[in-house]
Amino acid sequence: MTEPMLTIRGVTAYYGAIAALKGVDIDVAKGEIVTLIGANGAGKSTLMMTIFGSPQARDGSIVYDGRDITRMPTHEIARLRIAQSPEGRRIFPRMTVLENLQMGAAVTQFAHFDEDLRRMFDLFPRLKERVSQRGGTLSGGEQQMLAIARALMSRPQFLLLDEPSLGLAPLIAKQIFAAIGELNRTEGLTVFLVEQNAYHALKLAHRGYVMVNGSITLSGAGRELLEREEVRAAYLEGGRH
Amino acid sequence: MEYFLQQLINGVTLGSIYGLIAIGYTMVYGIVGMINFAHGDVFMVGAFMALIVYLALVAIGITFVPLALLVVLIVAMALTALYGWTVERIAYRPLRGSFRLAPLISAIGMSIFLQNYVQLAQGARVKPLPPVVPGGHQFGAAEGFVVNISNVQILIVVTTVALMAIFTVIVAKTSLGRAQRACEQDRKMASLLGVDVDRTISLTFVMGAALASVAGLMYLLYYGVVDFYIGFVAGVKAFTAAVLGGIGSLPGAMLGGLLIGLIETFWSAYFSVEYKDVAAFSILAIVLIFLPSGLLGRPEVEKV
Ligand SMILES: Nc1ncnc2c1ncn2[C@@H]1O[C@H](COP(=O)(O)OP(=O)(O)OP(=O)(O)O)[C@@H](O)[C@H]1O
Ligand SMILES: [Mg+2]
């Protein structure tokens, strides 16, 4: 049996009085790529943020790499080699590309900054051309690359990606998925990703979950979910993509 | 001509003091989006700290002026920074996330508290300091006009320029400065990257208070007197300077401070002393009509 990376049990989360998560159970094993799909407003982004304690889970527990992080402050969780490229990218608009990447590397104390920077520029040559441009003036796709690169700069063992392909040209999206798969295979990076692009994401993933209205309704191997009629109907436009 | 040069020198000196205080307003505004109305009183506390530490040093027999000033500078900065930290801790942090006016009201309360506290502890009367840095230089005697620069003025301008340079580098180049700017731009994202937001905000108050205490020391050396009320007037001027330069902008605060100092001095010199504050505020109003975000404030152009 593989070791668990993330174990979520019975997690609920609220915005004021409104429940966004209603008892979620999810497992991610070390070395896995797990995809979460679901309609708009299902609670996917909320779950990603709740893993980071913002908003904190009201009930249930979140155990990451053997440690209970349910009540841990966000910035302390971020120092546990877990990184997130969040919904909306959240690039620091008045910092340069380089400074944004430095922000990502801060938790490593810049121990291998130059080396990691080179890796990111290999992965996203576009960022290298734009290195001293301010984040807020990048195109949407460039911002997406920067958000992912910024997350990787912390040398995470566990990466959370909220809609990494959003706003990217299909070719670039494909490259990003390929890069994620590559990091997973070569470095054992564990990945938990939310995607609207269900076809690519489920194909890439070892396993997947479907979230409806704050609860998990389906789970299974990635390719298996792709075959399911309800998944095809709801998330793959009846099989076309 | 000589009169003009003399006023220029005086204005730059005054502007340096305003600029040092203005930095505290602008940095705190940048990171928490509120005007720390108690900041002027933190400056006043800093001036008192400097006076007390100086007198204590004299009492124990340290009279070598450069050494005494250096010790005063460091100790006053540290103690005043502690005030800045405490103010944030008890008056603002508990209100973070509540409605927008709450910290503002709390700030005004803190300002009144600090004034009354100093008034009680130190008395309401003006406290004098005998001249510590005497002497000066005269220029232009040969050309038939005389311009004076006192050593205090040189000290004030040099210290201010040095501190501003140091703080500019801290904000632009260090991890702490980046964390501060990150909190300014997107606090939640900063915490996702491991930045301790509360600590970063605390440090910003500490830095602002430390600079204000230097301004307090300079004020004390320049005017030779302090009282519990100096924080109000100087605070309003420095706040005006921060807004004039573009609130949230560090170079803006420096430029604004300089301009307010110059405007005030020249107005007093050429028109009337009584209306010098009106002049400063009128120019602020005019600038804000044409440049609503101040001289160096940032107009909103980014896509976010
Ligand atoms: N800050 C907030 N305050 C109040 N309600 C919120 C907040 N953020 C999200 N919600 C609500 O919580 C629910 C879940 O939102 P969430 O962003 O998690 O959905 P999602 O699955 O990521 O959707 P999408 O696919 O559109 O990104 C939605 O009904 C949303 O309106
Ligand atoms: Mg979402």
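Per chain, numbering begins at 1; letters A, B, ... match sequence-line order. Hydrogens, waters and symmetry mates are skipped; everything else that's a heavy atom, side chains included, is used.
Within the 4.5 angstrom heavy-atom criterion, no atom of S154(A) approaches chain B. With a 4.5 angstrom heavy-atom cutoff, F52(A) touches chain B only via side-chain atoms.
Smallest separation of non-hydrogen atoms from F110(A) and S175(B): CE1-OG, 3.3 Å. Considering every non-hydrogen atom in both A78(A) and G194(B), the closest pair reads CB-N, 3.3 Å.
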I'd like to know whether M48(A) forms a side chain to side chain contact (heavy atoms under 4.5 Å, CB included) with L192(B), so could you lay out the CA-CA distance, the side-chain angles of the two residues, the decisive distance to 0.1 Å, and finally the verdict.
CA-CA 11 Å; M48(A) 298 302 244; L192(B) 285 182; over 6 Å; no
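Residue-environment remark: CZ (R71(A)) exceeds the threshold of 12 foreign heavy atoms within 6.0 Å. Around CZ of F232(B), the count of heavy atoms belonging to other residues, nucleotides or ligands within 6.0 Å does not exceed 12. Counting non-hydrogen atoms of neighbouring residues, nucleotides and ligands closer than 6.0 angstrom, the OH atom of Y29(B) reaches no more than 12 such neighbours.
The closest side-chain heavy-atom distance from L193(B) to R90(A) is not below 4.5 Å. Proximity of M189(B) to R150(A): side-chain heavy atoms (C-beta onward) are separated by under 4.5 Å at one or more points. Side-chain contact check for V195(B) versus M103(A): some heavy-atom pair is nearer than 4.5 Å. Residues M49(A) and K188(B) are in side-chain contact: their nearest non-hydrogen atoms beyond the backbone lie under 4.5 Å apart.
Taking CE of M95(A) as the start and CG of D186(B) as the end, the distance is 10.0 Å to the nearest 0.5 Å.
Between the side chain of E99(A) and the main chain of R178(B), no donor-acceptor pair closer than 3.5 Å is present.
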